[in-house]
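The chains referred to below are lettered A, B, ... by the order of the sequence lines, with proteins before strands, and numbering in each begins at 1.
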Amino acid sequence: MPELPEVETVRAGLARLLPGQVIADVTHDHDKSFPNAPADVRQFLVGASVIDVRRRAKVLMIDLSSEYTLVIHLKMTGQLVFDGAHEHFGAGHPSTSLVGKLPDKSTRVTLTFAGGAKLFFNDQRKFGWMRLMPTIEVPNIDFMKKVGPEPLEPDFTWQMLRDRLLRRKNSNIKAALLDQTVIAGIGNIYADESLWGAKIHPNTLVKDVPTAKLRVLHQAIVDVLRLSIDKGGSSNQTYVDAEGNKGSYMQFANVFRREGQTCPRCGTVIEKLRVAGRGTHICPHCQRVKK
DNA sequence: CACTTGACCTGTCCGC
DNA sequence: TGCGGACAGGTCAAGT
């Protein structure tokens, strides 16, 4: 589910809500949703306070005063929802918010803070995980060492995009964009949206994409990620932010999950196909396969 | 090594 | 209404 804009939206919310909160209790399933030993979980969580909330690619990091960090991947259906309980007396959440409706049967981990606020980690499909490790070791995990550049950092240039993509010159451009070691944070929604923006067919081999189009693609990626963050991300099905609310980017999507509707640029009917094993949405006119 | 496919899970939707 | 199958925002391991 969550791609860069969704994870960033959750991060920003948690960064506003969590720092200074002291963990008083934790309940969790002991399967892969939180594989740490229960004794370690209590030792390094209970009594610790939240220092900061960071993001790298689609991974969230909650840094604690115990010099341990909760490293979290939401995968397809993960949610992190903060319920301030009586601390936010009268603040009111919209009736569509999940706050006040948790825990539910998808809740895997519940952190309770001194004062009664709670943080729920929900994950319907159980692909996501939460792991506790020393803060200093986080950069050493394999994923952090291999993951590509952050597309919204100022040093992400079109030349960098070109060079990273060419590591997979014989694969199709969509598979390359989804490869987190090429660029961090792009998933199925924003791959389709940015390829539409650059008028590139997702089946085009990386080596066959003209340089001029890579420049356009670079700008399209940056623009679509920024727009989605501005709209609070995409809520196709389960995604919600740290306060349990859906994002509105899907109203602004040009092709993703819009098969049968018309391309906003040329009016051609949008098609759905399968590329890199994923449902893929294109305008067959704007994104013609070049011979 | 480069690249593709299947597996991991639960829930929902669609066709018969 | 019920049942089977395909599919859903992401990554890995295993396969070619």
A/Thr181, A/Ile186, A/Asp179 screened by side-chain contact (heavy atoms from CB on, under 4.5 Å) with A/Ile183, the one that passes:
A/Ile186
Ignoring the backbone of A/Lys75, work out which of C/dC7, C/dG10, B/dC8 is nearest its side chain.
C/dG10
Here the distance between atom C1' of C/dG9 and atom NZ of A/Lys246, to the nearest Å, is 12 Å
Given B/dC9, B/dC3, C/dG9, which nucleotide is nearest the side-chain atoms of A/Asn170?
B/dC3
Between B/dC13 atom P and A/Gln237 atom CD, what is the distance in whole Å?
9 Å
In this structure, how many angstroms lie between the P atom of B/dT4 and the CD1 atom of A/Ile173, rounded?
12 Å
Looking at C/dA8, C/dG9, B/dT4, which one has an atom nearest to any side-chain atom of A/Asn172?
B/dT4
Could you measure between the two P atoms, the one in B/dC14 and the one in C/dG9, and give it in whole Å?
16 Å
Is the distance from OP1 or OP2 of B/dG11 to the nearest side-chain N or O of A/Lys105 less than 4.0 Å?
yes
Select base, sugar-phosphate, or nothing to describe what A/Asn236 touches, counting heavy atoms under 4.0 Å on all strands.
base
Sequence neighbours left out, what pairs pass side chain to side chain donor-acceptor pair (under 3.5 Å) with at least one residue falling in residues 122-144 of chain A?
A/Thr69-A/Thr135, A/Thr77-A/Asp123, A/Gln79-A/Asn122, A/Thr107-A/Asn122
Length of the CG-P vector between A/Leu165 and B/dC3, whole Å:
12 Å
Which value, in whole Å, describes the distance between the P atoms of nucleotides C/dT11 and B/dC1?
22 Å
OP1 or OP2 of C/dG10 under 4.0 Å from side-chain N/O of A/His73:
no
Looking for any heavy atom pair under 4.0 Å, which part of the strands does A/Ser106 touch: base, sugar-phosphate only, or nothing?
nothing
Looking at A/Lys126, does any N or O in its side chain come under 4.0 Å of the phosphate oxygens OP1/OP2 on B/dT10?
yes
What is the separation between atom CZ on A/Arg125 and atom C1' on C/dA6, rounded to the nearest whole Å?
12 Å
Aromatic stack A/Phe127/B/dC8: centroid gap under 5.5 Å, interplanar angle under 30°:
yes
A/Asp104 versus A/Ser106, side-chain donor and acceptor atoms under 3.5 Å:
yes
Chi angles and distances behind the side chain to side chain contact (heavy atoms under 4.5 Å, CB included) call for A/Leu119, A/Leu18:
CA-CA 9 Å; A/Leu119 179 68; A/Leu18 290 188; 4.1 Å; yes
Taking 4.0 Å as the cut-off, does a side-chain nitrogen or oxygen of A/Lys174 come that near to OP1 or OP2 on B/dT4?
no
A/Ser234/A/Glu6 under side chain to side chain contact (heavy atoms under 4.5 Å, CB included): CA gap, chis, key distance, verdict
CA-CA 7 Å; A/Ser234 298; A/Glu6 292 75 33; 3.4 Å; yes
Using purine N1 to pyrimidine N3 plus N6-O4 or O6-N4 for Watson-Crick, or N1-O2 and O6-N3 for G-U wobble, each under 3.5 Å, what pairs with B/dT4?
C/dA14
Reckon A/Phe256 touches a base, only the sugar-phosphate, or nothing at all at heavy-atom distances under 4.0 Å?
sugar-phosphate
A/Lys272, nearest nucleotide to its side chain (from C/dC7, B/dC9, C/dG9)
C/dC7
A quick test of your reading: do over 12 heavy atoms of other residues, nucleotides or ligands sit less than 6.0 Å from NZ of A/Lys169?
no
Determine, stepwise, if the pair A/Gln180 / A/Lys58 fulfils side chain to side chain contact (heavy atoms under 4.5 Å, CB included).
CA-CA 9 Å; A/Gln180 299 299 294; A/Lys58 301 171 189 170; 3.4 Å; yes
Classify A/Gly128 by what it touches in the nucleic acid, base, sugar-phosphate, or nothing, heavy-atom distance under 4.0 Å.
nothing
Compare side-chain N and O positions of A/Arg278 against OP1 and OP2 of C/dG9 and report whether any pair is under 4.0 Å apart.
yes
Does B/dC9 have OP1 or OP2 sitting under 4.0 Å from an N or O in the side chain of A/Gln124?
no
Strictly by Watson-Crick or wobble contacts shorter than 3.5 Å, is anything paired with B/dC9, and which nucleotide is it?
none
When the distance from CG of A/Asp179 to P of B/dT5 is rounded to whole Å, what number comes out?
15 Å
Whole angstrom is fine here: how far is it from CZ in A/Phe143 over to P in C/dC12?
7 Å
What nucleotide, of B/dC3, C/dG9, C/dG10, holds the atom closest to the side chain of A/Ile189?
C/dG9
Contact class for A/Gly187 vs. all strands (heavy atom < 4.0 Å): base, sugar-phosphate, or nothing?
sugar-phosphate
So, is A/Arg274 close to the C/dA8 phosphate, meaning a side-chain N or O under 4.0 Å from OP1 or OP2?
yes
A/Gln180 CD - B/dC3 C1' separation (whole Å):
17 Å
